Amino acid sequence: DAGITQSPRHKVTETGTPVTLRCHQTENHRYMYWYRQDPGHGLRLIHYSYGVKDTDKGEVSDGYSVSRSKTEDFLLTLESATSSQTSVYFCAISESTLRTGSNEQFFGPGTRLTVL
Amino acid sequence: GDSVTQMEGPVTLSEEAFLTINCTYTATGYPSLFWYVQYPGEGLQLLLKATKADDKGSNKGFEATYRKETTSFHLEKGSVQVSDSAVYFCALMNTGNQFYFGTGTSLTVIP
């Protein structure tokens, strides 16, 4: 299994509070992604990173920010959580085909976030 | 833009039945195509993949063929088992290393 961990695995918070989710990888992969998974929507990309300090927005980036100060860590922050951000959040990593000969994404175990 | 459309679920089958889950895609260039599986309470796991036209990906009795002429990558299995019950996601990766996922198809196999 790819070395990807997410913390916390479960969190309950209140509307208006800041929340930070952490993704940590031991694979030294260049690309990291944050998705949210909701019924009827599948996986939707929030933000992604293509290197240290290099990030870009995905499909549903409003209300979220990210940071990547080290190759192994990718943080997702909800500055002021809202009930619509209740979801399961998945981190994923991938590497370029040229480097590894393989191009699939590997997923972390997920974080279940509930905003009351 | 790039996108993936897959068969709506849920799908319920009896054990040993034949499974097909349809997936079509829209993309410029030559994307790589994937099927991922998600078991309850877990993250997604790669099931199989194909990186160029006419490639067939296969794993654990599942197969899918990259059909560029019909922009499809349908998942098939000849005889499903109860342990195959899960949610299946079709996905593509474009030339910019961006991934797009379908909405998922829930499969339940009953004994």
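Throughout, a chain's letter reflects where its sequence line sits, starting with A, and its residues are numbered from 1. Given the structure is predicted, the values throughout are model-derived calculations rather than measurements.
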Please flag which part of [X] lies under 4.5 Å from any non-hydrogen atom of chain A: side chain, backbone, both or neither.
X	value
B:F99	both
B:Y100	neither
B:L46	side chain

Would you say that more than 12 heavy atoms from the other residues, nucleotides or ligands in this model lie under 6.0 Å from the [atom1] of [X], or not?
X	atom1	result
B:Y30	OH	no
B:E8	CD	no
A:R44	CZ	yes
B:K52	NZ	no
A:E14	CD	no

### Summary
In terms of heavy-atom pairs under 4.5 Å with chain A, the winner among B:E42, B:Q6, B:Q38 is B:Q38

### Summary
If one checks every heavy atom of A:L43 against chain B at 4.5 Å, the contacting part turns out to be both

#### Entry: Part of A:Y50 within contact of chain B (heavy atom distance under 4.5 Å)
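Neither part.
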
With hydrophobic residues grouped by side-chain heavy-atom distances under 4.5 Å, do [X] and [Y] end up in a single group?
X	Y	answer
A:Y89	A:V60	yes
A:F107	B:Y88	no
B:L75	B:V87	no

### Query
Are any non-hydrogen side-chain atoms of A:Q105 and B:F34 less than 4.5 angstrom apart?
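Answer no - side chains too far apart.
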
### Message
Any non-hydrogen side-chain atom of B:F101 less than 4.5 Å from a side-chain atom of A:Q37?
### Response
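They are not in side-chain contact.
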
### Message
Rounded to the nearest 0.5 Å, what separates atom CD in A:E104 from atom OG1 in B:T51?
### Response
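Going from the CD atom of A:E104 to the OG1 atom of B:T51 covers 10.5 Å.
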
### Task
For the residue pair A:Y48 and B:Q98, confirm or rule out a side-chain donor-acceptor distance under 3.5 Å.
yes

### Task
Write down the atom of A:F90, the atom of B:G43, and the distance for their closest heavy-atom approach.
CE2-CA, 3.4 Å

